[in-house]
Colleague: 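The following block contains the structure, expressed as structure tokens.
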There are 2 protein chains.
Amino acid sequence: MGLVERRIRERENRKNAILKAARRLFFENGFRTVTIESIAKKAELSKGSIYLYFKSKEEIYTQILLNDIDKFHEHFTDLLQNPTSASEALIRFAGIYVDLFLNDRELFRILMTFMLHTTTMNLPEELNNHIIKSTNKNISVIEEIFRYGIERGEFPPTINLRLSRNALWGLLNGIISLHLFTGSESRRAEMIRSTIKAGLEIYILGLKNQEQPNG
Amino acid sequence: MGLVERRIRERENRKNAILKAARRLFFENGFRTVTIESIAKKAELSKGSIYLYFKSKEEIYTQILLNDIDKFHEHFTDLLQNPTSASEALIRFAGIYVDLFLNDRELFRILMTFMLHTTTMNLPEELNNHIIKSTNKNISVIEEIFRYGIERGEFPPTINLRLSRNALWGLLNGIISLHLFTGSESRRAEMIRSTIKAGLEIYILGLKNQEQPNG
DNA sequence: TGACCAGCGGTCATATAGTGACCAAAGTTC
DNA sequence: GAACTTTGGTCACTATATGACCGCTGGTCA
């Protein structure tokens with residue numbers, strides 16, 4: 001309610017306004033194409049003012065991505081709270097994953113590109129680490145679902161967790177990225193979803209029927 | 001949507017925040033008691049900043065009153081749109097008038113004090129003129145109602161408009177001010193309203209039955 | 001291939017907004 | 001009427017905002 005609080009609050013608001021403006025631009029046009037000038041214009045500020053809140057274009061971009069990645073993971077927290085079957089959980093996981101990326105194509109592009117050539121991207125250190133952690137988290141969610149499936153007898157206990165999990169992860173990302181850069185915009189979401197669904201069902205069926213070495 | 005617009009908008013917002021803060025303080029405590037410091041605090045600004053938007057304490061006060069007086073008159077505009085009887089209109093007029101002042105006691109205090117000793121108050125010239133105009137407007141609203149009453153045969157055509165109108169105006173203000181500065185806070189509104197109602201009814205009855213010199 | 005150019009990230013001198021210690025004057029206390 | 005307090009208003013200083021400008025980069029073309 002005081003004077004200092006007001007100034008902090010206003011500074012925070014302005015910073016958020018910049019981030020909000022920048023986010024839209026980045027996610028519509030990508031890092032390279034977006035100019036500081038355009039961010040400033042959208043945020044109703046001058047170019048110089050941007051640098052009162054961020055030290056570089058890269059920093060803006062980084063902060064947005066870090067924030068997005070964190071929000072992203074919040075969506076998975078209650079995935080195994082009301083557990084139906086593991087198959088169901090996998091399908092729900094895939095659904096959430098696809099939806100998020102349909103809404104945040106730039107984020108997906110970053111993460112995919114990162115996976116493809118980690119070293120050459122030279123993103124800021126902080127972002128690098130965050131992406132690695134993020135990917136690991138995603139994979140471990142899948143792994144958890146697998147464990148749950150084995151526990152309740154849905155999947156054979158003999159499946160190779162690491163391999164199965166990585167394959168599924170690859171399946172998801174592969175399908176998404178395939179469709180994200182080809183085909184018509186209008187039917188894209190539908191195409192991705194149905195392809196993922198089909199792919200997953202086949203994959204799950206395979207898992208369930210995987211030969212049991214000792215059975 | 002541009003940069004200049006944003007700055008103008010923000011300046012306007014800040015000014016309004018100051019006025020809003022000041023208004024509450026003035027109308028709770030009166031001009032003298034309120035300090036610039038307290039206004040600044042409520043508006044979450046420093047004292048010096050207030051002077052970036054207003055040149056004096058008096059100017060703040062003046063702007064608030066001018067604004068309030070204008071808003072005040074807006075309430076009377078549709079009083080004679082759906083005309084019932086003139087008596088009804090007078091009662092409605094009185095009701096609105098009382099309500100407004102119950103919500104804005106400082107304004108009433110100013111206007112009454114002004115009527116009592118116009119010359120000694122030395123308010124800013126602009127405010128002075130505005131108050132005079134305001135009073136005239138109020139009185140002419142009453143006069144209009146009277147005319148309407150005569151037209152439709154509710155009041156005798158022989159009544160002295162000027163006298164009747166001024167007496168009614170005095171009646172209203174007298175009753176309000178009487179109660180405003182005496183009695184308990186809790187029952188004040190009720191007391192004023194019922195007293196006004198009774199007084200008006202008597203007054204109207206008198207008008208209607210006023211002897212007609214040539215009838 | 002290298003001269004030229006356009007575009008953009010980032011800087012900086014300048015302008016505007018905000019702050020609070022300070023002052024003069026007016027009021028209050030004793 | 002001296003000592004003290006209170007407060008409207010000022011001003012030197014700080015923080016925030018602006019946009020012309022600079023240097024670098026990547027592309028173009030002779």
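Below, read A as the first sequence line, B as the second, and so on, with proteins coming before strands; counting in each chain starts at 1.
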Colleague: Under 4.0 Å between any heavy atoms, over every strand shown, what does A/Val4 touch: base, sugar-phosphate, or nothing? Just pick one.
Modeller: nothing
Colleague: To the nearest Å, how far apart are B/Arg11 CZ and C/dA15 C1'?
Modeller: 14 Å
Colleague: Taking five pairs at each end, how big is the angle between the two axes of the helix from C/dT1-D/dA30 to C/dC30-D/dG1, to 10°?
Modeller: 0°
Colleague: For the backbone of B/Glu44 and the side chain of A/Arg6, can you confirm whether one donor and one acceptor N or O come within less than 3.5 Å of each other?
Modeller: yes
Colleague: Can you tell me the distance, in whole Å, between the CD1 atom of A/Ile36 and the P atom of D/dG19?
Modeller: 16 Å
Colleague: Quickly work out the A/Ile39 CD1 to C/dC8 C1' distance and round it to whole Å.
Modeller: 12 Å
Colleague: In plain terms, say whether B/Arg147 and B/Glu143 are close enough for a salt bridge, that is, a side-chain N and a carboxylate O under 4.0 Å apart.
Modeller: yes
Colleague: In whole Å, I'd like the distance from the CD atom of B/Glu10 to the C1' atom of C/dG18.
Modeller: 14 Å
Colleague: Rounded to the nearest 0.5 Å, what's the gap from CG on B/Leu207 to OH on B/Tyr203? Could you check?
Modeller: 5.0 Å
Colleague: Map B/Arg14 and A/Glu37 onto DNA chain C by nearest heavy atom, then report which one ends up closer to the 5' terminus.
Modeller: A/Glu37
Colleague: Please give, in whole Å, the distance from D/dG8 P to B/Glu59 CD?
Modeller: 15 Å
Colleague: Taking only heavy atoms on the protein side, list every residue of residues 47-56 of chain B lying under 4.0 Å from any atom of DNA chain D, sorted numerically.
Modeller: B/Lys47, B/Tyr51, B/Ser56
Colleague: On DNA chain C, nearest-nucleotide positions of B/Arg32 versus A/Arg32: which is more 5'?
Modeller: A/Arg32
Colleague: Quick one: B/Arg7 CZ to D/dA15 C1', roughly how many Å, whole number?
Modeller: 13 Å
Colleague: Measure from NZ or CZ of B/Lys57 to the centre of the six-membered ring of B/Phe31, then state whether that distance is under 6.0 Å and the direction lies within 45° of the axis.
Modeller: yes
Colleague: What nucleotide among C/dG9, D/dT7, C/dG18 has an atom nearest to a side-chain atom of B/Thr35?
Modeller: D/dT7
Colleague: Mind telling me whether B/Tyr97 and B/Phe93 have parallel, tilted or perpendicular rings, with 30° and 60° as the class edges?
Modeller: parallel
Colleague: Counting only heavy atoms not in B/His73 (residues, nucleotides, ligands), do more than 12 fall under 6.0 Å from its NE2?
Modeller: yes
Colleague: Report the distance from atom CD of B/Glu58 to atom P of D/dT7, rounded to the nearest whole Å.
Modeller: 18 Å
Colleague: Would you compute the distance between atom CG of A/Leu161 and atom CG of A/Asn166 and round it to the nearest 0.5 angstrom?
Modeller: 10.0 Å
Colleague: Using a strict threshold of under 4.0 Å (side-chain N to carboxylate O), is an ion pair present between A/Arg24 and A/Glu28?
Modeller: yes
Colleague: Closer than 4.0 angstrom, basic N to acidic O: yes or no for A/Lys197 and A/Glu201?
Modeller: yes
Colleague: Whole Å only: how far is the NZ atom of A/Lys57 from the P atom of C/dG7?
Modeller: 15 Å
